[in-house]
Amino acid sequence: MTAVKNITLTVCILSLVYMVVMMLTPDSFKQKMKTVISILTALTIAGAVLNIDFTFDEEIDADLLYESDYSYNKLVISELEQRLAESILLIYEENGIPVEKISVETNIDDENGISISKISLTISGDSDTYESKIRKVTRDRIGEVTLDMSFSEEVDDS
């Protein structure tokens with residue numbers, strides 16, 4: 001009787017998972033997901049019928065998981081900062097500011113809020129011409145951010 005209860009519970013849970021996965025999966029991956037879920041269903045039912053225990057004796061090394069999460073997070077943050085730098089560069093170019101080099105530093109708080117903490121710029125030109133314009137554009141379009149600016153001191157000919 002226990003085997004029948006286990007099989008019934010397993011089929012109900014897998015049916016629920018199947019419905020959710022099929023709703024969220026793009027059409028191009030539906031066949032692959034059906035195959036994966038079919039294999040999982042077969043293994044689970046076989047395990048319930050044969051009374052196989054699917055527990056693992058080995059402990060998972062938490063430090064290893066943390067390190068992989070940390071490196072993944074660093075990769076995501078790096079990509080985010082690169083995309084933000086590209087977008088901010090477009091803002092400066094729209095306003096006639098000749099940026100040679102730009103980098104952005106971000107912070108992600110405990111609630112997963114993302115904020116720009118610092119923008120570093122190298123500008124083709126002198127500080128008298130561009131510094132106030134950069135500060136105004138940054139404040140108006142991006143917000144209050146720490147700016148680290150360096151100028152090549154070359155006079156722009158345009």
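Computed from heavy atoms alone, side chains included, the values below leave out hydrogens, waters and symmetry copies. Along the sequence shown, residues are numbered consecutively beginning with 1.
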Pair Leu121-Ile97, side chain to side chain contact (heavy atoms under 4.5 Å, CB included): steps then yes or no: CA-CA 11 Å; Leu121 301 166; Ile97 300 169; over 6 Å; no
For residues 80-88, dump all side-chain donor-acceptor pairs below 3.5 Å to protein atoms at least two apart in sequence or in another chain.
| unit_1 | atom_1 | unit_2 | atom_2 | d |
| --- | --- | --- | --- | --- |
| Glu81 | OE2 | Thr106 | N | 2.9 |
| Glu81 | OE2 | Thr106 | OG1 | 3.1 |
| Arg83 | NE | Glu79 | OE2 | 2.7 |
| Arg83 | NH2 | Glu79 | OE2 | 2.8 |
| Ser87 | OG | Arg83 | O | 3.2 |

So the salt bridge (charged side-chain N to carboxylate O under 4.0 Å, His left out) pairs with at least one residue in residues 88-98 (sequence neighbours excluded) are Glu94-Arg141
Sequence neighbours excluded, the answer for side-chain contact (heavy atoms from CB on, under 4.5 Å) partners of Ser132 is none
The side chain to side chain donor-acceptor pair (under 3.5 Å) partners of Ser127 (sequence neighbours excluded) come to none
With sequence neighbours left out, the residues meeting side chain to side chain donor-acceptor pair (under 3.5 Å) with Thr122 are Ser150
Output for pair (Ile134 CD1, Thr129 OG1), nearest 0.5 Å, gives 10.0 Å
Going by salt bridge (Lys or Arg N to Asp or Glu O under 4.0 Å), name the residues that satisfy it together with [X], two or more places apart in sequence or in a different chain.
| X | result |
| --- | --- |
| Glu131 | Arg135 |
| Asp140 | Lys136 |
| Lys101 | none |

Shortest non-hydrogen pair, Ser152 vs Ser124, comes out as OG-CA, 3.3 Å
Taking every heavy atom of Gly96 against every heavy atom of Pro98, the minimum-distance pair comes out as O-CD, 3.5 Å
- Message: Between Thr138 and Tyr92, do the side chains contain a donor N or O and an acceptor N or O under 3.5 Å apart?
- Response: yes
